[in-house]
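Beneath this line is the structure, given in structure tokens, with notes to follow.
The figures here come from the full heavy-atom set of this structure, side chains too, leaving out hydrogens, waters and symmetry mates. Note that ligands are numbered from 1 as they come in the structure, with each ligand's atoms numbered from 1 the same way.
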Amino acid sequence: MSRAAPMDVAVIGAGVVGAAAALALSREGLRVAIVEAHEPSTWRSDAPDLRVYAFAPDSQALLDALGVWPSIAAARAHPYRRMRVRDAAGGGELCFDADALGRSNLGHIVEHGLLVDRLWLAVGRQRSISRHCPDKLQSLVQDETGVTLELASGTRLRARLALGADGATSKVRELAGLASVNHDYEQRALVTYLRCEKPHEDTAWQRFLASGPLAFLPCADGRCSIVWTLPNADAERLLALDDGSFCRELTRAFDARLGAVTEVSARGAFPLRRQLAREMLTGRVALIGDAAHAVHPLAGQGVNLGLRDVMALRDMVHAARAAGREFDSPDRLARWARIRISENSIAAYSFETINRVFSNDAVLPTLLRGHMLGLAGKFPPLAQFLWKRAAGI
Ligand SMILES: Cc1cc2nc3c(=O)[nH]c(=O)nc-3n(C[C@H](O)[C@H](O)[C@H](O)COP(=O)(O)OP(=O)(O)OC[C@H]3O[C@@H](n4cnc5c(N)ncnc54)[C@H](O)[C@@H]3O)c2cc1C
């Protein structure tokens with residue numbers, strides 16, 4: 001069994017959230033180990049990843065501060081300038097416009113595979129991060145001063161803090177005995193790329209249907225990436241359709257807002273569940289990203305919450321070190337966890353409420369929604385407030 005030098009932080013999982021956490025904490029002067037089960041694939045521009053995010057401005061700012069964003073922007077990240085939210089049954093439209101908000105854009109549409117690739121390359125360049133990949137967390141034991149982790153390879157790691165960034169089925173959460181509250185929406189998010197008759201106008205479109213929200217996200221090559229929330233059986237049926245029939249169904253579902261859908265790529269779907277850890281911290285083990293909170297991916301917002309866990313942790317470490325204090329005092333960690341769990345729960349239940357209220361064709365909710373969207377659309381300060389909340393600024 002090999003035993004590595006003691007670390008300040010051991011991060012388990014190098015998805016977008018774990019890799020960003022490792023980079024951010026090592027830049028604060030901490031010694032970091034990162035464990036990842038699978039070597040991330042190299043991103044290829046000719047093989048677009050179906051998993052796409054509406055990357056919020058604060059997420060972009062984090063990656064910029066980590067020196068990673070320029071390479072992502074140069075590869076493929078498409079700025080969107082407007083967002084239009086419309087309810088199919090209740091009428092009413094809410095529009096956010098970058099010009100009206102005094103910004104050059106509202107965010108970027110960016111592929112998961114590209115983010116992971118560029119973050120992983122940056123992790124490899126950072127000398128104060130030791131990488132253990134491919135390797136898997138097997139066991140974890142904590143005491144008052146730190147955590148001892150054993151990996152599948154037999155390597156043993158010791159760290160003052162262990163961060164579980166190992167996704168919705170987190171082994172860290174299980175080993176640390178952190179319970180979660182789970183709810184299966186019995187829905188799937190169907191994702192694909194498509195082309196329409198009309199240009200996408202650099203606009204992120206969201207249409208609420210009785211079956212669930214349908215988002216069209218504008219991409220650099222003129223196509224749109226969609227996230228279509230559907231009951232499981234409907235998603236199965238649509239996945240099995242031939243391309244022509246699928247395009248026709250989609251054109252109808254989107255009310256031909258951009259004309260007919262003329263071309264569609266391969267399709268994928270992923271199950272939707274809310275999974276919220278009751279606590280994000282126990283002793284010296286903390287959870288971040290989907291390990292702590294898997295939420296409804298309304299318009300591909302999922303990853304922004306996880307990156308906000310990272311920003312808050314980085315700021316906490318920065319403040320502690322600037323004051324000459326230990327970064328991992330129990331009070332400090334508890335304060336971080338309290339703030340994040342409250343923000344994540346609010347976000348998760350807001351996404352869920354929006355999904356529920358809008359995926360409902362009863363008369364009262366329908367009237368209410370049309371009224372709500374109309375009101376927010378006619379009252380710019382309210383629209384501005386809502387957007388700032390979503391953008392994290
Ligand atoms: C199939 C799928 C498609 C999705 N598509 C979309 C989408 O289109 N739009 C959207 O907004 N959201 C989507 N989501 C949700 C989104 O991917 C997550 O919100 C986001 O990836 C969370 O990032 P994360 O880094 O916290 O976790 P993850 O991306 O899940 O990363 C966890 C990492 O931990 C590693 N790991 C796991 N266990 C261990 C272990 N024991 N030891 C070491 N490493 C381990 C994994 O290999 C992985 O690299 C999708 C999710 C899934 C599962």
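- Between H108 and W69, the ring-plane angle classifies as perpendicular under the 30° and 60° cut-offs.
- Taking a cut-off of under 4.0 Å to the non-hydrogen atoms of H38, the atoms of ligand 1 that pass are 47 (O).
- Ion pairing of R76 with E111 is present here, as a side-chain N (NZ or NE/NH1/NH2) and a carboxylate O approach within less than 4.0 Å.
- Interface of G289 with ligand 1, defined as ligand atoms under 4.0 Å from a residue heavy atom, comprises 26 (O).
- Close contacts between ligand 1 and K136 involve ligand atoms 42 (N) [criterion: under 4.0 Å to a heavy atom].
- Distances below 4.0 Å separate heavy atoms of V35 from the following atoms of ligand 1: 43 (C), 44 (N).
- Proximity of the aromatic rings of H183 and Y185 is defined here by a centroid distance below 6.0 angstrom, and this criterion is met.
- Under 4.0 angstrom from ligand 1, the non-hydrogen atoms of V52 all belong to its backbone.
- Heavy-atom proximity to atom 37 (C) of ligand 1, evaluated over I34, L119, D166, I12, is greatest for D166.
- Numbered from 1 in the order shown, with element, the atoms of ligand 1 that lie under 4.0 Å from a heavy atom of V191 read 8 (O).
- Within the 4.0 Å heavy-atom criterion, neither part of A294 lies near ligand 1.
- Counting atoms of ligand 1 from 1 in the listed order, those under 4.0 Å from a heavy atom of D135 are 43 (C).
- In this structure, R267 satisfies the cation-pi test against F246, with its NZ or CZ atom closer than 6.0 Å to the six-membered ring centre and inside 45 degrees of the ring normal.
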